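Below is one structure, written out as C-alpha cells; the observations come after it.
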Amino acid sequence: MRTVCISLKELYEEKGAELFYGGHIEHRQEGDTEYYDLRKPVDNLYLACDGEKCRIIHEDNKMVILETVDTQMRIYLTREEYQIATFS
C-alpha cells in the first residue's frame with residue numbers, strides 16, 4: 001500500500017476547519033508552536049495530527065480514505081482535500 005503524510009495545516013489554511021465527509025481540524029498555539037489535530041466532531045475522538053503518516057486504503061474519483069499508520073484511524077477526504085493535504 002502507498003503511504004503519504006497529511007498536512008492538516010495546509011488543509012486548514014486552504015479549506016478551513018471542517019472537512020466535507022466529517023472531521024474538524026482543531027488549531028491551537030502554545031507560545032511559538034502551532035498545533036493542528038483532526039478530530040471527529042460528534043465525540044471529539046482524536047484521528048490524526050499534522051504531518052502524520054497514512055496509508056491509502058481506498059481512492060476513487062470522489063473520495064480518498066486514509067488510515068493512520070500508528071493508530072489505524074480512518075480519514076475520509078474529498079479528492080480536492082486529498083490533493084491539498086498530502087505529500088510524500
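All residue numbers refer to positions in the sequence shown, counting from 1. Computed from a predicted model, the values in this text were never measured in an experiment.
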Is there side-chain contact between [X] and [Y], with at least one heavy-atom pair below 4.5 Å?
| X | Y | result |
| --- | --- | --- |
| L8 | I6 | yes |
| K40 | L47 | yes |
| L19 | L38 | yes |
| Y35 | E30 | yes |
| M63 | L77 | no |
| I75 | E52 | no |
| T86 | S7 | no |
| N61 | R79 | no |

Q) Is the number of heavy atoms from other residues, nucleotides or ligands within 6.0 Å of CZ (F20) greater than 12? A) no
(Q) Test of understanding: clusters of I, L, V, M, F, W, Y form through side-chain heavy atoms closer than 4.5 Å, transitively. Do Y21 and I57 belong to the same one? (A) yes
Q | Cluster link L11 to Y76, ILVMFWY, side chain under 4.5 Å | A | no
Let me confirm one number: the [atom1]-[atom2] distance from [X] to [Y], rounded to the nearest 0.5 Å.
| X | Y | atom1 | atom2 | value |
| --- | --- | --- | --- | --- |
| Y46 | T71 | OH | OG1 | 7.0 Å |
| I65 | C54 | CD1 | SG | 12.5 Å |
| R39 | E26 | CZ | CD | 4.5 Å |

Q: Would you mind telling me which of E10, E80, E81 makes a salt bridge (Lys or Arg N to Asp or Glu O under 4.0 Å) with K15?
A: E80
Q: Might you point out which heavy atoms bring D37 and C49 nearest each other, and give the distance in Å?
A: OD1-CB, 3.5 Å
**Q.** P41 to G23 - nearest heavy-atom pair and separation
**A.** CD-N, 3.5 Å
**Q.** For H24, all residues meeting ring-ring contact (aromatic ring centres under 6.0 Å, His included), sequence neighbours excluded
**A.** none
Q) With respect to Y36, which candidate in H27, K9, R28 satisfies the side-chain hydrogen bond (donor to acceptor under 3.5 Å, both in side chains) definition? A) H27
Q) Under the 3.5 angstrom rule, does the side chain of E59 hit a backbone N or O of I56 as a donor-acceptor pair? A) no
Q: Mark yes or no for whether T68, through its side chain, and M73, through its backbone, hold a donor-acceptor pair below 3.5 Å.
A: yes
Q: Apply the test side chain to side chain contact (heavy atoms under 4.5 Å, CB included) to residues L66 and Y82: give CA-CA distance (whole Å), side-chain angles for both, the deciding distance (0.1 Å), then the verdict.
A: CA-CA 9 Å; L66 304 176; Y82 171 80; 4.2 Å; yes
